[in-house]
Asks: 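First the structure, which I've put down as structure tokens, then a few questions once you've had a look.
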Amino acid sequence: MGAGAAGGVLALELARRGIQVVVLEAGPRHDFARRGEYVRRYVRHENPWQRSPRELDRYTVGGPVPYQLEGRRARGVGGSTLHWEGYAVRFHASDFRLRSLYGVAEDWPLTYEDLETYYAAAEESLGVAGAADEPWASPRSTPFPLPAFAFSHSDGLFAPPARTLGLGLHHLPQARNSLAYAGRPQCRACGTCQVCPTGAKASVDLTHIPQAEATGNARVVTDATVLRLELDGSGEVRAAVYAGADRIERRLVARVFVVAGGAVESARLLLLSASREFPSGLANRSGLVGRFFMSHPAIDVIGRAAQRVHPYRIGFSTAMSRRFAIERDRATQGAFLVEFLNSAGPTPEGIAVASGQWGEALRRRVQGEFGHWLGVRVYTEQLPDRVNAVSLSPRVRDYFGSAVPHIHYSVGRYERRALDDAKEVAGRMLAMLGLTDIRSTGLSFAGHQIGTHRMGTDPRTSVVDVDLKAHDVANLFLVGSGCFVTASASPPTLTIAALAIRAAGHIAGRLRPASGGVAPGPPKH
Ligand SMILES: Cc1cc2nc3c(=O)[nH]c(=O)nc-3n(C[C@H](O)[C@H](O)[C@H](O)COP(=O)(O)OP(=O)(O)OC[C@H]3O[C@@H](n4cnc5c(N)ncnc54)[C@H](O)[C@@H]3O)c2cc1C
Ligand code: SF4
């Protein structure tokens, strides 16, 4: 279930191995030929990917900090990769070992070294552009498939103070084509990346799903929302019950089921699939399905330059620093990643609308004000907290009459210390550039939903094992960032893809025992 990053990557890996795959996707197939229309909606600040009935996307929030999902996920073939920014960053080796190194949270049941070749395969399949210039990066066995994008004008301004402060500005790896790659064109720097009109940004509707379908082994059923998973008498999943806009229930029977609906919807589906055998939700004997929900709390710090600094020319960021994503003492505060923004401060239309002016006065105002702001965005690592959880709303129902997800969320001292530290570091850097009016925006959150079916070796403290198989159900796999044990400060999707490629080997092995099983290793494409 789910044709996003996790489901798309997994479908291709299984189809390539000759396994028959059916992907049930709740949303539509967004026609690439209509991307121009989608760009226009994006430019008008509408949600370009909203095509399904809105009642499908309902949710409720609670807790001290409401975590809103609007603009933080997308429905359809491609899932949230339709909408993502394309930053494709490997986790650092330390991200997998917070308990051993800092005495907080838990270690993952695998290490960076276990995942390294799968990261390489994920980079190749997404087409990641980067350079091995990050001093803090964990070792790589392969070069990036594509050369890095050139640093921008503002990266050049940031470089000297970043060097003085030991931040070490380096390239930000991107799943977008710096050169034509895999049948998709070179990026044209048009800057509407949440809807890429050219296909230069990797999204699995363009990369993995068509290749999976081309094998003849994979079929995607759109407008197919999985409502629940049903068990057979032996405690394995027998059927996925799904429905489309007509609300008529249909059944898909299979040998193995994979849930890949994103961390919120995957947990919700398990909770909706409660039965006599699993009264608290499918695969939930631990009581942990939905728990340990995490994201990346974020802030921007910006300042005004006397001279023009030429923002909004590229549209995506080309540089970052991971020094503090790795070298901070993570026993007491979260790590943080610094993204050097190529688009900071008000846009020309923002200045125009706020000015209330017309004609020549308006022209002078926009010309005088635009292009003077520099800024950085900081993403912080969030610790897993049992209280932060996705559960079923007792009150609100969706289009199909199913309970909607309820997200209880808070930001603790660990994350707030990281945000304060990050503000201080960023503020010092902007001051060194001679900027004035330095300020930070309010707390925001990345569109990264993490936790909710964490992996581990102990079925009492985790939901899936290291191969992403549910501890409690022999033929059920849960993929996506829901299985992450901790959040890292780096974006999640390359790790989602690497774990899905790894899981594919194990799923294939389970489905083909007669042939001696398929060796679980990264594929040679
Ligand atoms: C604006 C934005 C920017 C982002 N930028 C980055 C970035 O730069 N770098 C990065 O690493 N990550 C980024 N992300 C996050 C990234 O998009 C996600 O981590 C990734 O797509 C998650 O993959 P997934 O397969 O788990 O879920 P998704 O990609 O969300 O896919 C889940 C799919 O399952 C479907 N589904 C859900 N429930 C059901 C159901 N019951 N039945 C059938 N189908 C169902 C959904 O319709 C969806 O298509 C960004 C996200 C957003 C929103
Ligand atoms: S800058 Fe334009 S072409 Fe490049 S990835 Fe973004 S939207 Fe696509």
Side-chain angles (χ1 to χ4, degrees), residues 1-10 23-28 30 35 39 42 47 49 52 56-57 69-90 126 129 149 172-178 184-205 221-229 240-244 259-266 268-269 272 295-296 314-317 339 379 398 400 402 405 445-450 478-484 488 490-497 499-500:
M1 165 275 249
V9 169
L10 192 72
V23 184
L24 298 175
E25 167 52 52
H30 297 278
R35 287 252 169 132
V39 168
Y42 167 71
N47 180 350
W49 304 108
S52 311
L56 258 183
D57 291 323
L69 289 172
E70 277 87 13
R72 295 199 171 93
R73 60 178 182 176
R75 197 179 282 282
V77 177
S80 304
T81 67
L82 293 162
H83 201 142
W84 78 322
E85 203 56 62
Y87 301 150
V89 184
R90 295 181 179 202
L126 285 165
F149 284 84
L172 170 48
Q174 333 249 347
R176 61 167 57 72
N177 287 353
S178 54
R184 293 178 295 111
Q186 184 176 19
C187 169
R188 301 167 79 116
C190 56
T192 61
C193 301
Q194 293 191 1
V195 183
C196 175
T198 67
K201 183 189 76 172
S203 54
V204 296
D205 58 315
V221 184
T222 54
D223 183 28
T225 299
V226 180
L227 305 175
R228 60 187 179 277
L229 299 173
V241 179
Y242 67 98
V259 174
V264 172
E265 295 297 336
S266 290
R268 176 192 180 211
L269 179 65
L272 287 172
S295 185
H296 290 128
I314 301 179
F316 55 90
S317 300
E339 174 188 342
Y379 296 96
D398 72 1
F400 298 104
S402 306
F445 304 95
H448 309 153
Q449 294 101 38
I450 301 170
L478 312 175
V479 296
S481 42
C483 69
F484 290 10
S488 167
S490 299
T493 307
L494 196 70
T495 303
I496 293 175
L499 285 168

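Computed from a predicted structure; not experimentally measured. In each ligand, atom 1 is the first atom listed, and ligand 1 is the first ligand listed.
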Asks: Given that the side chain starts at C-beta and the backbone is N, CA, C, O, which of these parts of R75 lies under 4.0 Å from ligand 1, counting heavy atoms, or is it both or neither?
Replies: both
Asks: Go through ligand 1 atom by atom and flag the ones less than 4.0 Å from a non-hydrogen atom of R73.
Replies: 53 (C)
Asks: Looking at K201 and V195, would you say the former's side chain and the latter's main chain have a donor-acceptor pair under 3.5 Å?
Replies: no
Asks: So, the side chain of H30 versus the backbone of R75: is there a donor-acceptor pair under 3.5 Å, distance only?
Replies: yes
Asks: Would you say A6 has any N or O atom under 3.5 Å from an N or O of ligand 1, going by distance alone?
Replies: yes
Asks: Taking only heavy atoms of R188, which atoms of ligand 2 are found under 4.0 Å from at least one of them?
Replies: 3 (S), 4 (Fe)
Asks: Please report the closest heavy-atom contact between V89 and P173, naming both atoms and the distance.
Replies: CG2-CD, 4.2 Å
Asks: Locate the shortest heavy-atom distance separating P405 from E265; write the atom from each residue and the value.
Replies: CG-OE2, 3.9 Å
Asks: Which atoms of ligand 1 have any heavy atom of M1 under 4.0 Å away?
Replies: 39 (C), 40 (C), 41 (N), 42 (N), 43 (C), 44 (N), 45 (C)
Asks: Between G71, S203, S80, flag the one that comes closest to atom 29 (O) of ligand 1 by a heavy atom.
Replies: S80
Asks: Step by step, work out the side chain to side chain contact (heavy atoms under 4.5 Å, CB included) result for L499 and V479.
Replies: CA-CA 8 Å; L499 285 168; V479 296; over 6 Å; no
Asks: Under 4.0 Å, heavy atoms only, figure out whether ligand 1 is touched by the backbone of H448, its side chain, both or neither.
Replies: side chain
Asks: Return yes if some donor-acceptor pair links the side-chain N/O of S481 with the main-chain N/O of F484 below 3.5 Å, else return no.
Replies: no
Asks: I'd like to check P491 versus H448 (side-chain heavy atoms, cut-off strictly below 4.5 Å). Are they in contact?
Replies: yes
Asks: Is the shortest N/O to N/O distance between A26 and ligand 1 below 3.5 Å?
Replies: yes
Asks: So is there a nitrogen or oxygen of L269 less than 3.5 Å from a nitrogen or oxygen in ligand 1?
Replies: no
Asks: If you define the side chain from C-beta out and look only at heavy atoms, does anything of S203 sit under 4.5 Å from C196?
Replies: no
Asks: Starting from atom 42 (N) of ligand 1, locate the nearest protein heavy atom and write down its residue, its atom name and how far away it is, to 0.1 Å.
Replies: V226 N, 2.8 Å
Asks: Under 4.5 Å between any side-chain heavy atoms of F400 and L56, yes or no?
Replies: yes
Asks: Measuring from atom 10 (C) of ligand 1, which candidate in T493, L82, L494, L56 has the nearest non-hydrogen atom?
Replies: T493
Asks: So, does A224 sit close enough to ligand 1 that a heavy atom of it is under 4.0 Å from the ligand?
Replies: yes
Asks: Does only the side chain of A260 get under 4.0 Å from ligand 1, or the backbone, or both, or neither? Count heavy atoms.
Replies: backbone
Asks: I'd like to know if the side chain of Q174 and the backbone of S317 have a donor-acceptor N/O pair within less than 3.5 Å.
Replies: yes
Asks: What residue and atom, counting heavy atoms only, is the protein's closest point to atom 5 (S) of ligand 2, and at what distance?
Replies: R176 NE, 3.3 Å
Asks: May I ask you to list the atoms of ligand 2 that are less than 4.0 angstrom from any heavy atom of C196?
Replies: 3 (S), 5 (S), 7 (S), 8 (Fe)
Asks: If we set the cut-off at 4.0 Å for heavy atoms, which region of V89 has an atom near ligand 1: side chain, backbone, both, or neither?
Replies: neither
Asks: Which ligand 1 atoms, with their elements, are less than 4.0 angstrom from a heavy-atom of P492?
Replies: 10 (C), 11 (O), 12 (N), 19 (O)
Asks: Sub-3.5 Å donor-acceptor pair from the side chain of T81 to the main-chain atoms of V204, do we have one?
Replies: yes
Asks: Mark up the atoms of ligand 1 that fall under 4.0 Å of a heavy atom belonging to I496, in ascending order.
Replies: 19 (O), 22 (C), 23 (O)
Asks: Could you confirm whether C190 has any N/O/S atom lying under 2.8 Å from atom 6 (Fe) of ligand 2?
Replies: no
Asks: What atoms of ligand 1 come within less than 4.0 Å of a heavy atom belonging to T81?
Replies: 21 (O)
Asks: To the nearest 0.5 angstrom, please state how far the CD1 atom of I496 sits from the CD1 atom of I450.
Replies: 7.5 Å
Asks: Quick one, D57 and R73 - any side-chain contact, counting heavy atoms below 4.5 Å?
Replies: yes
Asks: Out of F316, Y87, Y379, Y242, who gets a non-hydrogen atom closest to atom 9 (N) of ligand 1?
Replies: Y87
Asks: Can you tell me which residue and heavy atom of the protein come closest to atom 31 (O) of ligand 1, and the distance to 0.1 Å?
Replies: G4 CA, 3.3 Å
Asks: What are the two closest non-hydrogen atoms of C187 and R176, and how far apart are they?
Replies: SG-CD, 4.3 Å
Asks: Between Q449 and V264, is there a donor-acceptor pair closer than 3.5 Å when you use the side chain of the first and the backbone of the second?
Replies: no
Asks: Quick one: which ligand 2 atoms are inside 4.0 Å of a heavy atom on T192?
Replies: 7 (S)
Asks: Return a yes/no value for E265: is any of its N or O atoms, backbone included, closer than 3.5 angstrom to an N or O of ligand 1?
Replies: no
Asks: Mark up the atoms of ligand 1 that fall under 4.0 Å of a heavy atom belonging to G79, in ascending order.
Replies: 29 (O), 31 (O), 48 (C), 49 (O)
Asks: Give a yes or no on whether the backbone of G79 and the side-chain of W84 come within a donor-acceptor separation of less than 3.5 Å.
Replies: no
Asks: Mind listing the closest non-hydrogen atom pair of S80 and A74 along with its distance?
Replies: OG-N, 3.2 Å
Asks: Determine whether L227 and L272 make a side-chain contact, defined as any pair of heavy atoms from C-beta on separated by less than 4.5 Å.
Replies: no
Asks: Polar-atom distance check: A5 versus ligand 1, any N or O pair below 3.5 Å?
Replies: yes
Asks: Could you list the atoms of ligand 1 found under 4.0 angstrom from a heavy atom of L24?
Replies: 43 (C), 44 (N)
Asks: Should you measure from each heavy atom of K201, which atoms of ligand 2 turn up under 4.0 Å away?
Replies: 5 (S)
Asks: For atom 34 (O) of ligand 1, which protein heavy atom lies nearest, and how many Å away is it?
Replies: G2 CA, 3.2 Å
Asks: Using side-chain heavy atoms (C-beta onward) and a distance below 4.5 Å, is Y242 in contact with M1?
Replies: no
Asks: Is it true that a side-chain atom of Q186 and a backbone atom of S178 form a donor plus acceptor pair closer than 3.5 Å?
Replies: yes
Asks: Considering only the protein, which heavy-atom contact is closest to atom 47 (O) of ligand 1, and what is its distance?
Replies: E25 OE2, 2.6 Å
Asks: Is the contact between E85 and ligand 1 made by the side chain, the backbone, both, or neither, using heavy atoms and a 4.0 Å cut-off?
Replies: both
Asks: For ligand 2, is there an atom lying under 4.0 Å from some heavy atom of G86?
Replies: no
Asks: So do the side chains of T222 and V77 get within less than 4.5 Å of each other, counting heavy atoms only?
Replies: yes
Asks: How far is atom 6 (Fe) of ligand 2 from the closest protein heavy atom, and which atom is that?
Replies: C193 SG, 2.3 Å
Asks: Just let me know how A189 lines up against ligand 2, side chain, backbone, both or neither, with a heavy-atom cut-off below 4.0 Å.
Replies: backbone
Asks: Regarding ligand 1, does H83 bring an N or O atom to under 3.5 Å of one of the ligand's N or O atoms?
Replies: no
Asks: Within the 4.0 Å heavy-atom shell around G262, which atoms of ligand 1 are there?
Replies: 26 (O), 27 (O), 32 (C)
Asks: I want to check something: taking the side chain as every heavy atom from C-beta on, are R268 and D398 in contact at a cut-off of under 4.5 Å?
Replies: yes
Asks: Between R72 and ligand 1, is there a nitrogen or oxygen pair with a distance under 3.5 Å?
Replies: no
Asks: Can you tell which of P197, G315, A202, C187 gets a heavy atom nearest to atom 4 (Fe) of ligand 2?
Replies: C187
Asks: Any heavy atom of A74 sitting closer than 4.0 Å to ligand 1?
Replies: yes
